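Predicted, not measured: the structure shown is a model, and the values here were computed from it. The figures here come from the full heavy-atom set of this structure, side chains too, leaving out hydrogens, waters and symmetry mates. The chains referred to below are lettered A, B, ... by the order of the sequence lines, with proteins before strands, and numbering in each begins at 1.
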Amino acid sequence: MTDWYKIDRQGDDLLTDIRQFLKSVLELDSIRALLVPSRLPMKNNVMPALISRPELLDEADPLAPAFAVNSAKNLSRLTRKGLDANIAAVLRPCEIRAHVELVKLHQSASEPVVIIGLDCLGAFSNRSYQAFIQENEGAASEAFCKARLAGAEPSNTVEISSACQMCEQPIPEGADITLALYGVKLDEGLFLQARTERGREILDKIGAKGAKAPEERDQVLKQLIKDRTERRDQVFEETASAVNTIKKLSEYLAGCVNCYNCRVACPACYCRECVFTTDVFDHEPLQYLQWTERKGVLKMPTDTVFYHITRLVHMSTACVGCGQCSNACPNDIPLTELFRTVAHRTQAAFDYQAGRSQDEPPPLLVFKEEEFSEIVGVGS
Amino acid sequence: MEEEFEPTIIAFVCNWCTYTAADLAGTSRLIYPPNVRLIRVMCTGMVDPKYIIKALLDGADAVLVSGCHPGDCHYINGNLKARRRMRLLKEILSGFGIEPERLRLTWIGASDGIEFANTIKEMVAQVKKIGPNSCKYQMVI
Ligand code: SF4
Ligand code: SF4
Ligand code: FES
């Protein structure tokens, strides 16, 4: 279903018009609240906020190149125990994909959430975002948006995150409503695409008018995706050769202090309690001595590579490439590059793509009688 | 003269089939190399990938997971789940340079003592060829 709608522009300011659109959604009786990145009164930060009063959407800023947390985790908080109301959420494409994964892992529910997805222009790491808003004061989001759509560098000092630079899925496929930014004439209106029946109902109710599909969009997207895929494949190649022995993997992770921020930030890390923070890894003092006596030296805290490989076993088939792992790492380890490189292979092994569809079961939850016979036996 | 490299193989074997086969190999006095350390589990479906990763990072030269043939699992499909996990592990570990010879999955029924002995012989020969697991000597953080 690909139905296009248009809302006329009220003025020159894109953000104001997007807020107006969001207000009209929140004004519907059926929508109790809206989850949307918003400017906080403190320190110019932009964080997801759950807003119930339309007039407070004047602080909403879904164009901001800030991506402090993957909001799929917020939707899990909102819906996991059952939510007896409908809300709307403005999400990035990778947040939608993570939400799809969490729904399939029974950590979230899809029914109560109407998803509004914006074409993604990318975002900065938390640290770079602070630098960026200092540079741009006030008009940061609009400046960013203009530069990105024109294919220009949004900043002289900082780059968007490596995850976004290699993201080949910047279009919110899994949304109920897509707000298009790429390949549309933004001065002529806001172009919205209803991707589900629910999305269509909402657009009808707020009075959006039917429109023709934007002509240049497909071409623009094709080129964008091609460029990003090339970039991605180059990263995969470089990363694969940077970790192709356990020794090199150890070097790659040498800065890791086992803080486990990467798993806290990761929407695909689904265990409610991580084994690495349980008693299992609360080793006996003598155990450490025995270990060091075997090799002569034991890096502490221990089990770093063990942790990362185990995490890959758990999350790699659900990794959506959001980059929050790198964003959370206090030691600037290029984690997204590593995890995506592995995830791309494990997802391919099961002909799976994280976040692609509600209907594809996660690979480790199912099995077939006849499959993978090539891995059984001692022949190679 | 340098001593010949003797690999250490950690084998997670299902109580109902491969463990019995190993036992049978022993009682029928079949000769197989003494390089294998058997860990008896109730089903291959309970072999957590963590155990395998830990064994390899700690320097085991190879890991074998061996259980009942499809259709024979006492818990109906533990072995089929194990096969998916092994597929996943092989994909991840091979990217970090762990050779396919170091991670094996086999189905060996309770009466297959000979099959068990041959499997171990074959694995030992293969692992001798590729040499020791480097994790044994280097610091893995
Ligand atoms: S591993 Fe990193 S990129 Fe992948 S889903 Fe988790 S946080 Fe996002
Ligand atoms: S966030 Fe960085 S330092 Fe912390 S556990 Fe993950 S990789 Fe290690
Ligand atoms: S009982 Fe033998 S593999 Fe499940």
Q: How long is the gap from CG on A/Asn244 to CZ on B/Phe96, to the nearest 0.5 Å?
A: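 Nearest 0.5 Å value for the CG-CZ distance: 10.5 Å.
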Q: Where do A/Arg294 and B/Asp58 come nearest, in terms of heavy atoms and distance?
A: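 Minimum heavy-atom separation between A/Arg294 and B/Asp58: NH1-O, 3.6 Å.
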Q: Sort B/Leu89 into side chain, backbone, both or neither according to what part of it lies under 4.5 angstrom from a heavy atom of chain A.
A: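 B/Leu89 touches chain A through side-chain heavy atoms alone.
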Q: Output the distance between atom OH (B/Tyr51) and atom OG1 (A/Thr310), rounded to the nearest 0.5 Å.
A: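 The OH atom of B/Tyr51 sits 11.5 Å away from the OG1 atom of A/Thr310.
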Q: Please flag which part of B/Met123 lies under 4.5 Å from any non-hydrogen atom of chain A: side chain, backbone, both or neither.
A: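 Only the side chain of B/Met123 comes within 4.5 Å of chain A.
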Q: Considering heavy atoms only, which positions within residues 73-81 of chain B lie below 4.5 Å of chain A?
A: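 Contacts with chain A: B/Asn77, B/Leu80, B/Lys81.
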Q: Taking all non-hydrogen atoms of both residues, which atom of A/Ala349 and which atom of B/Glu91 are closest, and how far apart?
A: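 Answer, listing the atom of A/Ala349 first, then B/Glu91: CB-OE1, 3.8 Å.
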Q: Please look at B/Asp48 and chain A and tell me whether the side chain, the backbone, both or neither of the residue comes under 4.5 angstrom of a heavy atom of that chain.
A: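 Interface part for B/Asp48: neither.
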Q: Taking all atoms of both residues into account, what is the closest heavy-atom pair of A/Glu369 and B/Pro70, and its distance?
A: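 Here A/Glu369 and B/Pro70 meet closest at OE2-CB, 3.6 Å.
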Q: Determine whether the side chains of B/Ser94 and A/Arg345 contain a donor N or O and an acceptor N or O closer than 3.5 Å.
A: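 There is such a pair (donor and acceptor under 3.5 Å, judged by atom type) between the side chains of B/Ser94 and A/Arg345.
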Q: Mark yes or no for whether B/Arg83, through its side chain, and A/Ser373, through its backbone, hold a donor-acceptor pair below 3.5 Å.
A: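 It does not hold such a pair.
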Q: For the interface with chain A, which of B/Thr106, B/Asn133, B/Leu105 has the highest count of heavy-atom pairs at distances below 4.5 Å?
A: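 When all of B/Thr106, B/Asn133, B/Leu105 are compared, B/Leu105 has the most.
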Q: Side chain, backbone, both or neither: which part of B/Leu93 has an atom under 4.5 Å from a heavy atom of chain A?
A: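 For B/Leu93, side-chain heavy atoms alone lie under 4.5 Å from chain A.
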Q: Going by salt bridge (Lys or Arg N to Asp or Glu O under 4.0 Å), name the pairs with one or both residues in residues 295-307 of chain A, residues two or more places apart or in two chains.
A: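 Residue pairs with at least one partner in residues 295-307 of chain A: A/Asp303-B/Lys54.
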Q: CD1 of B/Ile92 to OG of A/Ser316: how many Å apart, nearest 0.5 Å?
A: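 Atom-to-atom, B/Ile92:CD1 and A/Ser316:OG are 4.0 Å apart.
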Q: For A/Glu237, look at atom CD and say whether over 12 heavy atoms of other residues, nucleotides or ligands are found less than 6.0 Å away.
A: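 Counting other residues, nucleotides and ligands, CD of A/Glu237 stays at 12 neighbours or fewer.
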Q: What is the distance from atom CZ of A/Phe372 to atom NZ of B/Lys90, rounded to the nearest 0.5 Å?
A: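 Going from CZ on A/Phe372 over to NZ on B/Lys90, the span is 12.5 Å.
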Q: Return the option, out of B/Gln138, B/Met139, B/Arg84, with the maximum number of heavy-atom pairs under 4.5 Å with chain A.
A: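 Top count of heavy-atom pairs under 4.5 Å with chain A: B/Arg84.
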Q: First locate atom CG of B/Leu88, then atom OG1 of A/Thr346, and finally report the distance between them rounded to the nearest 0.5 Å.
A: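 B/Leu88 CG to A/Thr346 OG1: 6.0 Å, rounded to 0.5 Å.
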Q: Tell me, for B/Ile98 versus chain A, whether the close heavy atoms (under 4.5 Å) come from the side chain, the backbone, both or neither.
A: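 Answer is side chain: those atoms of B/Ile98 sit under 4.5 Å from chain A.
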Q: How long is the straight-line distance from OH of A/Tyr307 back to NZ of B/Lys50, given to the nearest 0.5 Å?
A: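 Separation between the atoms: 13.5 Å.
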